[in-house]
Amino acid sequence: MRAGQRSGPSLKLVLFDLDDTLCDQATSFRRRVERAVQAALAGERHSDTEAIIERVVTGALMRTEDLVEVLAEFGLADSWRIERAIEAYISDRFIDLCLFDEALEVVRAVQQRVLTGLVTNGPSQIQREKLHRLGIADLFPIVIISEEVGVAKPDPAVFRLALDRAGVPASQSAFVGDNPAVDIAGAQAAGLMSIWYNRQGRPWPGGPPPDAEVRALGELLPLLFPDERRASRPG
C-alpha cells in the first residue's frame, strides 16, 4: 500500500504497538494455553485437544475464567483438572515471549531519525514486566500503557496523549500496529499516518484501509524515509 504524505522530512514521531508488532505475543499465548490444556488432561488422550486450544487462542480468551469455560465445554470441568489448568496457565505469563527478529534493529534505526514512542493496551504491571523481560524497558522515551492513563486503543484519546507528550502534531506522526480494529482504526481516528504490520499476509478485513502496509518490520525504513533511499542512488 502507498505511504502517506507524512513520510520523509515532515515526519517527526513514530509510535509503535507492542504485542504482535514488536514481540511475538501470539506464540507466547498459544504456549500458555497448550500447557494449561495438557495439565488438565494429566496425560490422558482427548480427541478434541487441538480444538480446545484453537477455541481459546482464536477467540483471544485470555482470562482464566475464559479458559475454565472452554474446558467445561469439552467435558473437562472436574475441579482437579481446573486447578491443574489454572496453575499451569498462570505459572509463567511470559513463556517463550520474545522480540521479532528485526524489532530492535528497526526501532533503533528509526530513533536515529525521529522521536519514537510505545502505545500499548493492558494492565500496567504485566506490560511493564513484559518490557523488562524483553530488555526494552528503557528503549522508548515515550511509553503509554492503557491502564496507567485510563484510556485504551482504539480510543483516539490515547494516541493524543502520546502526541502531547512528544509535542508533535498528528500530521507529523505515524503509528505502526498489527490490529486493524484497535491499532489502525485508532490511529486513523487520531489523525496519524496508519501503518499495518501484516506479518501473516492476511486480507484487509474491511473499513478504511491503512495508509501503508508492511509484511516485515524492515520495510518500515524505506517506507518512512523514502528521501534517504533516493539520495543514496547514484545520480
Side-chain angles (χ1 to χ4, degrees), residues 1-25 97-122 127-146 148-149 153 156 158-179 182-184 186-188 190-200 210-235:
M1 295 182 182
R2 63 179 177 82
Q5 296 180 349
R6 277 159 274 201
S7 59
S10 66
L11 185 67
K12 292 186 177 180
L13 173 68
V14 177
L15 300 171
F16 291 87
D17 168 54
L18 176 61
D19 295 326
D20 294 317
T21 297
L22 297 181
C23 69
D24 193 356
Q25 172 67 24
L97 184 69
C98 62
L99 292 170
F100 288 123
D101 290 341
E102 297 179 299
L104 194 57
E105 177 185 355
V106 169
V107 170
R108 284 178 171 163
V110 173
Q111 289 178 330
Q112 292 176 2
R113 296 159 173 83
V114 297
L115 183 63
T116 61
L118 184 77
V119 181
T120 179
N121 284 354
Q127 297 305 83
R128 291 286 179 184
E129 177 67 15
K130 194 178 295 181
L131 293 174
H132 175 73
R133 288 177 176 247
L134 291 169
I136 59 172
D138 299 319
L139 181 62
F140 293 96
I142 298 167
V143 176
I144 304 289
I145 298 176
S146 62
E148 295 179 357
V149 298
K153 298 177 293 183
V158 74
F159 295 93
R160 295 186 186 118
L161 281 172
L163 297 176
D164 289 344
R165 291 189 186 182
V168 178
S171 61
Q172 294 180 309
S173 305
F175 184 82
V176 184
D178 71 292
N179 191 307
V182 175
D183 295 320
I184 303 305
Q188 290 172 334
L192 287 78
M193 176 185 175
S194 58
I195 303 173
W196 185 31
Y197 177 39
N198 184 17
R199 189 169 62 92
Q200 297 176 333
D211 293 299
E213 174 184 342
V214 295
R215 299 289 180 86
L217 292 174
E219 297 174 12
L220 285 172
L221 297 178
L223 173 71
L224 294 172
F225 311 107
D227 290 345
E228 293 183 12
R229 182 174 54 182
R230 287 192 290 267
S232 66
R233 294 175 181 170

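Each residue takes its place number in the sequence, starting with 1. Side chains are part of it too, since the values below use all heavy atoms of this structure and drop only hydrogens, waters and symmetry mates.
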**Asked** Rounded to the nearest 0.5 Å, how far apart are CG of D101 and CG of L217?
**Response**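 Between atom CG of D101 and atom CG of L217 there are 9.5 Å.
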
**Message:** Could you measure the distance from the CG atom of N179 to the CG atom of N198? Nearest 0.5 Å is fine.
**Reply:**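 If I round to the nearest 0.5 Å, the distance is 11.5 Å.
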
**Asked** Around D138, counting heavy atoms of other residues, nucleotides and ligands shown, do more than 12 lie under 6.0 Å from its CG?
**Response**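 No, CG of D138 has 12 or fewer neighbouring heavy atoms, counting only those of other groups under 6.0 Å.
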
Is there a side-chain contact between [X] and [Y], using heavy atoms and a 4.5 Å cut-off?
| X | Y | value |
| --- | --- | --- |
| Y197 | F16 | no |
| V149 | V158 | yes |
| L192 | F159 | yes |
| M193 | Q172 | no |
| I195 | F175 | no |
| K153 | D17 | yes |
| L11 | L224 | yes |
| P169 | L163 | no |

Any residue meeting side-chain hydrogen bond (donor to acceptor under 3.5 Å, both in side chains) with [X], in chain and number order, not counting sequence neighbours:
| X | value |
| --- | --- |
| R215 | E213 |
| D178 | T21 |
| S146 | none |
| R133 | E129 |

Can you list everything that forms a salt bridge (Lys or Arg N to Asp or Glu O under 4.0 Å) with [X]? Sequence neighbours excluded, please.
| X | value |
| --- | --- |
| R165 | none |
| E219 | none |
| R113 | E228 |
| D19 | K130 |

**Residues L118, I144; criterion side-chain contact (heavy atoms from CB on, under 4.5 Å); working and verdict** = CA-CA 6 Å; L118 184 77; I144 304 289; over 6 Å; no

For [X] and [Y], which heavy atoms make the closest approach, and how far apart are they?
| X | Y | result |
| --- | --- | --- |
| F100 | C23 | CE1-O, 3.5 Å |
| S194 | P210 | OG-CA, 3.3 Å |
| P222 | G218 | CD-O, 3.6 Å |
| I145 | G122 | CG2-O, 3.4 Å |
| L97 | D24 | CD1-O, 3.9 Å |
| A212 | L223 | CB-CD2, 3.6 Å |

**Prompt:** Can you list the steps and then say if L131 with L18 is a side-chain contact (heavy atoms from CB on, under 4.5 Å)?
**Reply:** CA-CA 9 Å; L131 293 174; L18 176 61; 3.9 Å; yes

**Request:** Could you tell me whether a side-chain N or O of K12 sits under 3.5 Å from a main-chain N or O of L115, the two making a donor and an acceptor?
**Result:**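 No.
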
Anything under 3.5 Å between a donor and an acceptor, one on a side chain of residues 104-112, the other on a protein residue two or more places apart or in another chain? List them.
unit_1	atom_1	unit_2	atom_2	d
Q111	NE2	T116	OG1	2.9
Q111	NE2	L139	O	2.7

**Asked** Can you tell me if T120 and Q127 form a side-chain donor-acceptor pair at under 3.5 Å?
**Response**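 Yes, Q127 and T120 have a side-chain donor paired with an acceptor closer than 3.5 Å.
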
**Request:** List the steps, then state whether salt bridge (charged side-chain N to carboxylate O under 4.0 Å, His left out) holds for D20 with R199.
**Result:** CA-CA 9 Å; D20 294 317; R199 189 169 62 92; 5.3 Å; no

**Request:** Dump the intermediate steps for side-chain contact (heavy atoms from CB on, under 4.5 Å) on L15 and F140, then the final yes or no.
**Result:** CA-CA 9 Å; L15 300 171; F140 293 96; over 6 Å; no

